[in-house]
There are 4 protein chains.
Amino acid sequence: MLYICIVNKKEKILTAALELLVEKGIHNTPMSAIAKAASTGMGTIYNYFPNKEILINEIYLRIKEDEKSAFVAFDTSMPIKTQFENYSTSIINFFINNPSYFKFMEQLQASPIITQESRAEGNKSIEPVALLLKQGQQERIIKNIAIDEILMFIGGAVLSYLRWYFSQSKTSATSLKNQTQMVWDAIKE
Amino acid sequence: MLYICIVNKKEKILTAALELLVEKGIHNTPMSAIAKAASTGMGTIYNYFPNKEILINEIYLRIKEDEKSAFVAFDTSMPIKTQFENYSTSIINFFINNPSYFKFMEQLQASPIITQESRAEGNKSIEPVALLLKQGQQERIIKNIAIDEILMFIGGAVLSYLRWYFSQSKTSATSLKNQTQMVWDAIKE
Amino acid sequence: MLYICIVNKKEKILTAALELLVEKGIHNTPMSAIAKAASTGMGTIYNYFPNKEILINEIYLRIKEDEKSAFVAFDTSMPIKTQFENYSTSIINFFINNPSYFKFMEQLQASPIITQESRAEGNKSIEPVALLLKQGQQERIIKNIAIDEILMFIGGAVLSYLRWYFSQSKTSATSLKNQTQMVWDAIKE
Amino acid sequence: MLYICIVNKKEKILTAALELLVEKGIHNTPMSAIAKAASTGMGTIYNYFPNKEILINEIYLRIKEDEKSAFVAFDTSMPIKTQFENYSTSIINFFINNPSYFKFMEQLQASPIITQESRAEGNKSIEPVALLLKQGQQERIIKNIAIDEILMFIGGAVLSYLRWYFSQSKTSATSLKNQTQMVWDAIKE
DNA sequence: AATGAATGAGACTTCATTCAT
DNA sequence: GATGAATGAAGTCTCATTCAT
């Protein structure tokens with residue numbers, strides 16, 4: 001089998017698993033169903049992922065990876081507020097365009113299935129934001145609060161906005177603007 | 001058996017269940033473990049709760065009930081900002097004083113186990129806040145954004161603060177103040 | 001409590017149990033349901049019947065008892081054919097008038113729950129018929145076949161007629177006559 | 001695994017289940033016991049049969065299938081009485097040679113576990129007999145009674161004969177002849 | 001590498017029976 | 001005698017994982 005096929009097989013499993021996990025929930029998604037949806041045998045999944053938890057962690061890491069690559073690097077020539085707005089908007093649009101990513105994160109955010117390693121790895125995606133905030137604090141644009149606390153605040157705001165977004169049948173065009181405004185007002189000096 | 005004993009038995013089950021659920025996660029907490037922890041037979045649990053999901057929903061509702069009663073009514077003679085700070089502080093302290101309540105909510109927030117009925121019932125606890133915000137908007141103190149969106153924002157901020165709080169080994173005394181400040185700055189006009 | 005009450009209590013239990021057993025089936029009829037239907041506590045049932053199987057056997061014996069008393073003694077001055085027809089008709093009418101008796105027997109006929117003792121006791125109800133048949137054989141009216149075999153044949157015919165009767169929505173008036181005719185033709189010399 | 005093995009596994013389960021069901025009764029035969037007797041894991045049974053009831057229905061249908069194939073087609077050149085005797089004898093011998101089939105049918109005849117679909121399917125096995133009887137009625141050899149009623153009568157007679165047969169320790173060679181005689185006398189004009 | 005039938009531990013749930021009141 | 005809450009053994013069924021092919 002060609003290399004490209006093997007890649008496809010692993011990808012197919014990850015994709016099928018994600019789709020089922022967000023649709024049915026983790027504990028209503030047996031490995032057999034994933035195998036079926038990915039058109040593979042159950043044993044094949046175990047060739048790529050030693051067990052179900054590792055498969056799920058890998059999905060988690062893929063999403064975080066994707067999240068990172070979706071955000072184009074900060075343009076440091078721009079004002080911090082602009083940079084922040086760009087980040088905030090792009091991260092939210094990322095999840096709006098990938099609803100299953102959001103549903104997956106919602107479901108697994110607090111789950112003991114995601115290991116400390118995965119979380120640590122995943123948190124790397126916000127490092128650039130931490131740097132931006134730090135710079136903002138030096139310039140006395142951002143409140144002088146522990147970076148961790150601010151980051152958590154922003155994260156919570158993003159999640160809650162998305163939660164609200166997906167619960168609405170129709171979203172006003174201004175809601176994202178409102179959201180960005182609120183977050184900025186919250187963290188700005 | 002005395003009436004007081006019967007009450008204790010149900011309470012013991014709810015307490016034991018909560019403790020185990022937050023410690024091990026829902027799907028690593030078999031009913032048998034709950035029975036053992038509550039020092040009852042497994043059948044006894046089913047005398048009080050028709051099934052596991054209903055038991056979990058009842059815990060959810062108990063917490064919401066407790067949450068409501070923990071918050072003393074708004075003192076409408078006070079400025080809106082003060083009222084909001086009181087609310088914000090009391091809700092956060094409530095969960096800080098009941099860490100397992102928070103862990104339970106974290107885990108079940110997005111779970112399909114919590115029924116629509118439970119959620120609707122639970123949401124009643126934020127009605128007074130909605131009213132306060134509406135009044136604040138009329139007085140042009142609060143941003144003119146859909147109440148739903150603001151409420152979701154506040155909820156997300158509270159959760160993320162608590163998440164941060166419990167992840168810290170040592171919390172600075174000012175962090176809660178910072179948090180309250182950020183939220184207020186976010187929603188104020 | 002008055003004696004009459006105690007009697008009533010036992011009867012109520014037996015009646016409620018019969019009703020539920022034929023409606024839901026033995027294994028969908030918990031003792032708790034019987035207690036509820038009989039408006040007693042579960043413990044009370046165990047005061048009268050050591051366990052569920054004994055309760056069921058007692059119902060069986062009651063029906064057999066009732067069956068015996070429902071059939072008026074043979075009038076030996078009548079022709080044997082007439083006596084047999086009377087018997088056949090009365091036994092069938094007995095079950096037609098007590099459908100739950102029939103449904104109970106259908107369900108428990110072949111069940112290991114009914115003990116050998118109960119069966120032996122129950123078979124006493126057909127002793128007069130055995131005597132009648134014996135007499136008929138001596139008079140060369142009835143086929144010279146082992147009484148046991150004939151009795152089983154008649155029993156099977158009665159059951160199958162009733163089964164057919166209860167499966168019909170509308171029964172022709174002649175069907176019982178046909179049935180009696182068939183059985184008589186079968187056993188007559 | 002070879003195809004022949006797979007077939008064997010399903011057959012082994014069906015055979016083991018039948019053996020246990022007739023020996024212990026349905027409700028004293030846990031799936032675990034069937035698995036043990038069939039030398040499989042419990043899960044294997046559920047690979048072939050979605051649940052216990054379906055397993056039992058499949059046994060029922062297998063027996064009916066077997067019953068059909070055991071009876072060679074009517075030889076229409078023979079007199080109706082001969083054809084009927086052949087049928088009657090072959091059906092009884094079928095069950096005498098397969099005692100567990102009989103015990104199974106005895107136990108499940110009136111059970112709600114056997115679905116309407118299974119019953120309908122199973123009843124196909126008596127269609128040829130219905131046709132034979134109809135022809136007999138046209139030739140005025142068989143009594144002019146609803147075919148349904150006659151069929152039920154014959155079925156009851158067969159069952160009761162078998163019941164008697166298996167209750168005897170020693171059976172006279174003539175009993176089957178007697179039985180056939182009785183049934184024929186019952187239904188003949 | 002790919003497969004999927006086989007496995008059995010373990011989940012949820014029921015219910016006959018007991019026993020303190 | 002009457003009660004019914006408490007019990008836990010035992011039932012049905014699921015599913016992560018293995019391994020022979």
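Reckoned from all heavy atoms, side chains included, excluding hydrogens, waters and symmetry mates. The sequence lines fix the lettering, A, B, ..., with proteins before strands; numbering per chain opens at 1.
Of all nucleotides present, only F:dA6 satisfies the Watson-Crick or G-U wobble test against E:dT17, with each distance under 3.5 Å. E:dA1 makes up no base pair with any nucleotide shown, lacking Watson-Crick or G-U wobble contacts both under 3.5 Å.
Taking only side-chain atoms of C:Met42, from C-beta outward, the nucleotide of F:dA5, F:dA10, F:dT17 with the closest atom is F:dA5. Here the nucleotide nearest the side chain of B:Lys9, chosen from F:dT7, E:dA11, E:dT18, is F:dT7. Distances were taken from every side-chain heavy atom of B:Tyr48 (C-beta onward) to each of F:dT3, E:dT13, F:dA6; the shortest belongs to F:dA6. Side chain of B:Tyr46, nearest nucleotide from E:dT14, F:dT18, F:dC15: E:dT14. Listed candidates were F:dA2, E:dT17, F:dA9. Nearest to the side chain of C:Lys52 is E:dT17. The side chain of A:Met31 has F:dT17 as its nearest neighbour among F:dA10, F:dT17, F:dT3.
Between D:Ser39 and B:Glu53, the residue whose closest nucleotide on DNA chain E is further toward the 5' end is D:Ser39. Comparing A:Gly41 and D:Gly41 by the nucleotide of DNA chain E that holds the closest heavy atom to each, the one mapping nearer the 5' end is A:Gly41. Nearest-nucleotide positions on DNA chain F for D:Pro30 and C:Gly43 put C:Gly43 closer to the 5' end.
The distance from atom CD1 of C:Ile45 to atom P of E:dA16 is 10 Å, rounded to the nearest whole Å. Computed from coordinates, the C:Leu55 CG to E:dC15 P distance equals 16 Å when rounded to whole Å. If you take CG of B:Leu20 and P of E:dC12, they are 12 Å apart, rounded to a whole angstrom. One interatomic measurement links the two molecules: CD1 of C:Ile26 to P of E:dC15, which rounds to 14 Å at whole-angstrom precision. Nucleotide F:dG4 holds its C1' atom 9 Å from the CG atom of B:Asn47, rounded to whole Å. Note: CD1 (A:Ile54) to P (F:dA16) measures 14 Å, nearest angstrom. If you measure from atom NZ of D:Lys24 to atom C1' of F:dA10, you get 15 Å, rounded to the nearest angstrom. When rounded to the nearest whole Å, the span between CG of C:Asn28 and C1' of E:dA16 equals 15 Å.
The two atoms that bring C:Leu108 and C:Ile114 nearest to each other are O-CG1, 3.7 Å, heavy atoms only. Of all heavy-atom pairs spanning D:Asn57 and D:Ile113, the tightest one is ND2-O, 2.9 Å. Between A:Tyr46 and A:Asn51 the shortest heavy-atom distance is CE2-CA, 3.9 Å.
Residue-level contact check: D:Thr40 touches the backbone only, with heavy atoms under 4.0 Å from sugar-phosphate atoms and none from bases.
Ring-plane geometry between D:Phe102 and D:Phe95 is classed as perpendicular, the angle between the planes exceeding 60 degrees on a 0 to 90 degree scale with a lower cut at 30.
Distances shown here put a side-chain N or O of B:Thr44 below 4.0 Å from the OP1 or OP2 atom of F:dT7.
Remark: A:Glu67 engages A:Lys64 in a salt bridge, criterion side-chain N to carboxylate O under 4.0 Å.
At least one donor-acceptor pair closer than 3.5 Å links the side chain of A:Gln107 to the backbone N or O of A:Ile26.
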